[in-house]
Structures are given as structure tokens and as C-alpha cells.
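In this chain, numbering begins with 1 at the start of the sequence shown.
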Amino acid sequence: MKQIALLILLTAITFGCLAQPKFEFGLSTEGSWVMKKELTIGHNYQSKNNWGTGLGFYVSAPIWWHFSISGGAKYRYAELQQGAPDIQSRETDQGTDLYFVYDWRRFHRQYLVFPLNLNLLFPRDYFITGGIEYCRILNDYTSILKNPEYNWTIGIGSQKHKLRWSLQYLRGFNEQRIQNKASVDGSDPAFLFYYQTNRLQLNLSYPLWKK
């Protein structure tokens, strides 16, 4: 009986050691699908699904049991398209016909992001992750309501192979307003748009060193 108990204990210790997260440092990249409802300016405006990408580094360290904490820094780029309603007219046999078209404008956002995540590792190299992001806008806009922005994130991932992946949902804590004035020569028109981060993001990471 003692031998069986000892065997069970050694098995549990071995499993625990294998399942424990390790301290590591590496590179990370991301690709995101920016949802239409990220644009929040109003029902008269239209929006399109857009994309984003990023590149940076991360550090991960075990804290207790199968839990680890990870952080780092990355550069992020994201697009947002807004369609402003515009009334046009055309002459027909019945007279003047008025109709709506949308003046589409593409907004480029650049960020310096500092993510902080808590990760729970499961036996078969899968994990749940969640945390917050500090996002500093780098664009030279005339007016920014909140800088930095803060997002919360939640997702799942796998570290079965050296190249790891995680799929996360990102949501901003607050609505953001960005404004810019028209350029003097008129080549860059004035704009005002509202958004609240709302996207799905695929993250890839590759460890360069771990212990």
C-alpha cells in the first residue's frame, strides 16, 4: 500500500513539474480583426471591418501552481474606416433626385502597448489568459479624449509547440474621441470620430530564452 501511495505521489510531482510554467523571454506578433461596432459615432454613419497588426517582445514568469504572469511591450497599428453620409443630386425626367452616398475615410492609429496578463496552464499544453493593456497613442492628433487608453482582454491559447498561439477578445474600458484639423493646403481634411476598442486578435509568440 505504501509503495502504491509513493508511486502516486511521485507521478503527481512529475506531472506538476512538467505542467509548471517556466520563466522565459521572447518575441511576439499579432494580427487583429477590428469589428464594425468599434466605431461608435452614430446611426447615420457606416463602418467596415478592418485589421490591425503588431510586433514586440514579452517576458513570462511563474507565480504559483499552474499560474504565470506575462508582460512586455509592442508596437501596434490598427485601421478604422468611417463612412459619413453625403447628399447628392441628379437630374431625371421627373426632376431633381436626391440620394445618399457615403464619404469613406480611413483612419490610421499607432500605439505603444504594454500588456499584462495572468495565464492558467492546463495539462495538455493549453491555457486561459486574461488581463489589461496600457495603450499610448503615437499619432499627432489635434485632440485626443483619453491618452493612454486601457483595454481588457480574455482568451485561450496553446503552447504545445515552440511557436505558441492565443486567440483573444479585446474591449476598451471607455469610448475614445479623436479629432484633427484640416491641413492648410486642404490635402488632409478635418475629421472627428469616436470608437471603443472591440476586436478579435491572434497572437503568436516564440521563446528566445527560458529557464
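Note that CG of L202 is 5.0 Å distant from CG of L204, once rounded to the nearest 0.5 Å. A distance of 9.5 Å separates CG in N174 from CD in E149, rounded to the nearest 0.5 Å. The line from CG of N50 to NZ of K36 is 10.5 Å long, rounded to the nearest 0.5 Å. A distance of 11.5 Å separates CD1 in I132 from CG in L118, rounded to the nearest 0.5 Å. The CD1 atom of I137 lies 12.0 Å from the CG atom of L112; values are rounded to the nearest 0.5 Å.
No close placement of the Y169 and W33 rings is indicated, their centers lying 6.0 Å or farther apart. Checked against the 6.0 Å centroid criterion, the rings of F25 and Y58 do not qualify as a close aromatic pair.
Side-chain N or O atoms of S158 include one that pairs as donor or acceptor with a backbone N or O of K160 at under 3.5 Å. The closest donor-acceptor contact from the side chain of S205 to the backbone of T29 lies at 3.5 Å or more, if one exists at all. Without hydrogens or angle criteria, N117 side chain to G71 main chain gives no donor-acceptor distance under 3.5 Å. Without hydrogens or angle criteria, R136 side chain to N147 main chain gives a donor-acceptor distance under 3.5 Å. The backbone N or O of Q196 lies less than 3.5 Å from no partner atom in the side chain of Q176, so there is not a single donor-acceptor pair.
Under a hydrophobic clustering in which Ile, Leu, Val, Met, Phe, Trp and Tyr are joined whenever their side-chain heavy atoms come within less than 4.5 Å, directly or via other members, L39 and Y111 fall into the same cluster. Under the 4.5 Å side-chain heavy-atom criterion for Ile, Leu, Val, Met, Phe, Trp and Tyr, Y134 and L55 are members of distinct hydrophobic clusters. By the criterion of side-chain heavy atoms lying less than 4.5 angstrom apart, applied directly or through intervening Ile, Leu, Val, Met, Phe, Trp or Tyr residues, F23 is grouped together with L208 in one hydrophobic cluster. No continuous path of hydrophobic side-chain contacts links M35 to L170 [ILVMFWY only; heavy atoms under 4.5 Å]. L145 and Y150 are assigned to two separate hydrophobic clusters, defined by single-linkage of ILVMFWY side chains at heavy-atom distances under 4.5 Å.
Annotation: side chain of Y77 is in contact with side chain of W51 (closest heavy-atom distance under 4.5 Å). Considering only heavy atoms from C-beta on, I154 stays 4.5 Å or farther from Q168 through its side chain. The shortest distance between side-chain heavy atoms of S68 and S60 falls below 4.5 Å. For the pair T53 and R76, the minimum side-chain heavy-atom distance is 4.5 Å or more. Between L167 and Q201 the shortest side-chain heavy-atom distance does not fall below 4.5 Å. Residues N119 and S70 have side chains in contact (heavy-atom distance under 4.5 Å, counting atoms from C-beta outward). A heavy-atom distance below 4.5 Å is found between the side chains of I128 and F122.
Ion pairing between E38 and R171 fails under the 4.0 Å rule for side-chain N and carboxylate O. A salt bridge does not link E24 to K211: none of the charged nitrogens lies less than 4.0 Å from a carboxylate oxygen. Under a 4.0 Å N-O distance rule, the pair R109/E79 does not qualify as a salt bridge.
The number of heavy-atom neighbours closer than 6.0 Å to OH of Y75, taken from other residues, nucleotides and ligands shown, is above 12. Dense packing is recorded around CG of L138, with more than 12 heavy atoms of other residues, nucleotides or ligands lying under 6.0 Å away. Other residues, nucleotides and ligands contribute over 12 non-hydrogen atoms within 6.0 Å of the CZ atom of F173. In H108, the NE2 atom is crowded: over 12 heavy atoms of neighbouring residues, nucleotides or ligands sit closer than 6.0 Å.
Considering all non-hydrogen atoms of both residues, Q110 and N139 come closest at N-OD1, 2.7 Å. Considering every non-hydrogen atom in both I156 and T129, the closest pair reads N-CG2, 4.4 Å.
Considering Y141, F193, Y194 as possible partners of F107, the one that fulfils the ring-ring contact (aromatic ring centres under 6.0 Å, His included) test is F193.
Using a 3.5 Å distance cut-off with no hydrogens or angles, the side chains of T142 and Q179 do not pair a donor with an acceptor.
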